[in-house]
Amino acid sequence: MKKLGCIRNMPLLSRRFEGLSAAEALRLEEHLASCAHCGRQAATLDGMRELVASAPGSLPPVVREQVIRRAFAQAEALPAEGSRLQALWPAAVISAAAMAAAAATFAFLPRGWLVESERVQGGAVEHRAQPLAKAATIATASDRVLSGAVETAGREITEDGALDSVTLLRATEHATVSLAHARVQMRPGTALRWNRDARTLRVNSGSIVADVDPGARQSFTVQTARFTVLVLGTRFEVLPDAVFVERGHVRVLAPDGTMLAESLGAGEQLVVPADLGRTDGAEPPAETSTDARRGKTTRKRTRAVSARAETERLATPATPAADGAALLAQARSQLARHQIAQARKSLDAALAVTRDPQQRAEAMSLRAECALVGGDLTAAVEAYLRVARAYANLPAGQNALFAAARLESERGRSAAAAGLLERYLARYPRGRFVKEARTRLRELGAVLDHEP
Amino acid sequence: MGRLVNLRPEARSAGQELDLIEACRQGDRQALHTVFTAHAPYLERLLTRVVGRSSEVQDLLQSTFVAAIRAFPRFRGEAQVRTWLARIAIRTAQERLRRAEHRKRGELSSFDEVPDKSGRGQHGEQDIDTRRKLDRLYEHLEAIGPKKRIAFVLHVFEGHPIDEVAALTGASLAATKSRVWWARRELLRKAARDPVLRDLVATGGER
């Protein structure tokens with residue numbers, strides 16, 4: 001119970017940081033010297049103030065200048081206040097359009113974000129840089145035909161016609177359809193199977209260009225016979241044997257769930273050969289991957305892990321280190337199947353059994369991916385940054401920092417992306433993404449002073 | 001407009017200041033740039049104290065400037081420009097924190113993150129320790145709630161008088177006092193139970 005003196009001096013304690021008169025200050029100091037409780041409180045608050053004051057509170061002038069320039073660009077891109085257009089557009093669309101205008105130089109770059117995947121398994125895959133196209137308009141909701149005509153269940157659906165939630169569609173000529181939060185362009189001869197509840201589109205034949213609205217924050221899956229593409233907000237092209245990303249990023253999996261490309265970014269293309277996805281557990285022949293940038297060809301053997309073999313491996317008792325590895329593999333598999341809650345449980349279990357830094361770093365990175373797949377990009381960025389902080393000296397830490405920067409850029413948070421890129425270059429002057437990071441920063445207009 | 005305007009607010013005459021503000025209201029880009037450059041350091045510090053993460057500050061600052069550009073035509077000089085900008089910045093931060101409060105946070109690990117002992121911070125172990133304490137302090141602030149958090153930060157960390165905090169946050173004086181009081185009480189209780197912030201709190205517990 002507070003003493004009378006405490007109650008009387010509480011207002012002074014509250015106003016201490018505003019500045020007290022000499023008499024008030026003297027009275028308060030006398031009370032603090034004689035009252036252990038109030039003295040503790042005052043000391044704690046002083047400690048917190050010092051702690052907070054120790055954090056840098058100013059941006060470097062060049063970054064500040066960038067922020068101001070981007071603000072002008074963003075303000076110019078927005079519709080005038082009170083205009084009908086502003087009333088019609090949802091805030092997310094306005095923001096996205098403004099950021100696209102502000103980052104126009106990025107959209108027209110010949111090379112996008114090149115991410116080297118460490119987990120490409122099985123088959124020969126190619127990563128090629130392609131010129132980027134302009135950002136397309138964002139799709140509208142509701143399943144319907146936007147242009148052209150499609151055939152379904154023996155009837156033709158023309159422009160503005162509604163589509164069933166589970167339906168087979170065939171286009172004999174160019175057509176565009178709106179499916180959930182995606183806008184899909186169908187080339188002539190394309191046949192699709194759409195399941196709205198699962199937000200899954202299967203390309204049975206032909207090819208499409210899909211533009212997925214990131215503002216919906218929902219997953220969208222495109223499947224072919226050879227692979228599955230998981231997307232959150234992007235524009236990409238799917239052919240029977242290849243995926244090309246124009247904007248945003250996607251993850252590509254083999255039919256059995258193994259990762260083909262952890263993150264395929266803007267300007268990248270993945271070609272998947274016909275013999276990929278072998279699930280009989282047999283050792284595949286030596287495969288060739290081509291490093292297009294260096295012009296060298298490397299030969300490497302990879303082991304195709306079938307789902308059955310994975311299950312058997314998980315069933316056998318193993319050492320804690322092996323348990324950690326098994327749990328991580330289980331989590332990856334679950335994540336590939338969009339079983340986010342199960343993946344998180346596996347990762348929790350992995351973190352409980354393993355103290356190996358590499359495994360822990362991977363588990364935490366996978367937690368970031370859980371957030372990413374779940375559509376929570378902000379949480380994904382935070383999770384990646386935790387990995388980057390805790391495991392700065394491991395490849396996972398380096399990858400996580402770059403992944404966070406890339407995500408921030410894709411969210412349109414150019415200032416945050418620039419800051420993270422600068423941090424990356426400072427921490428990893430010879431890192432694997434140095435070239436891409438410098439290129440990106442130049443596009444953002446930041447001055448680099450990290451030349452080796 | 002082609003006129004040379006002194007960057008430092010205190011060095012400008014009252015007349016120059018009025019001219020500058022009028023130019024901003026007319027949408028003069030150079031004038032807006034001058035005002036933003038002059039007040040940016042203060043806004044950066046304010047936002048850093050409120051949100052605690054430097055990665056957020058840049059975007060919040062940008063959003064603040066965008067809002068200011070669009071709102072300047074309606075600015076009638078009823079407050080100092082700095083206070084007006086601070087109000088916009090606080091509103092922007094409040095919105096961001098409110099949205100963050102609604103986000104599911106399933107990724108918070110129930111296990112201690114094993115730090116990479118092989119790597120030190122740029123300034124040695126003390127830097128890492130300070131960073132840990134700061135992160136933990138802001139985690140506790142996050143748990144307090146945006147309104148109490150902002151009021152507490154502005155009053156206790158930034159030293160703004162209560163009535164100024166009320167004006168900045170658009171709340172009544174009574175509500176602001178209450179928020180600061182509750183925030184201080186909650187924060188001190190959390191800090192007392194937190195091993196990371198232990199050396200900020202003297203031993204003995206609460207009464």
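We name chains A, B, ... by the order of the sequence lines, and we start the count at 1 in each one.
Note on ring orientation: taking the six-membered ring where Trp is involved, the planes of W84(B) and F75(B) are tilted (angle from 30° to 60°).
Most heavy-atom pairs under 4.5 Å with chain A: of the set V66(B), L32(B), L61(B), this distinction falls to V66(B).
Proximity of E65(A) to H33(B): side-chain heavy atoms (C-beta onward) are separated by under 4.5 Å at one or more points. Side-chain contact check for Y138(B) versus R149(B): some heavy-atom pair is nearer than 4.5 Å.
Judged purely by distance below 3.5 Å, without hydrogens or angles, the side chains of R69(A) and Q66(A) pair a donor atom with an acceptor atom.
Using a 4.5 Å cut-off between heavy atoms, I69(B) touches chain A through its side chain atoms alone. Using a 4.5 Å cut-off between heavy atoms, V63(A) contacts chain B through its side chain alone, with no backbone atom that close. Within the 4.5 angstrom heavy-atom criterion, only side-chain atoms of L137(B), from C-beta onward, approach chain A.
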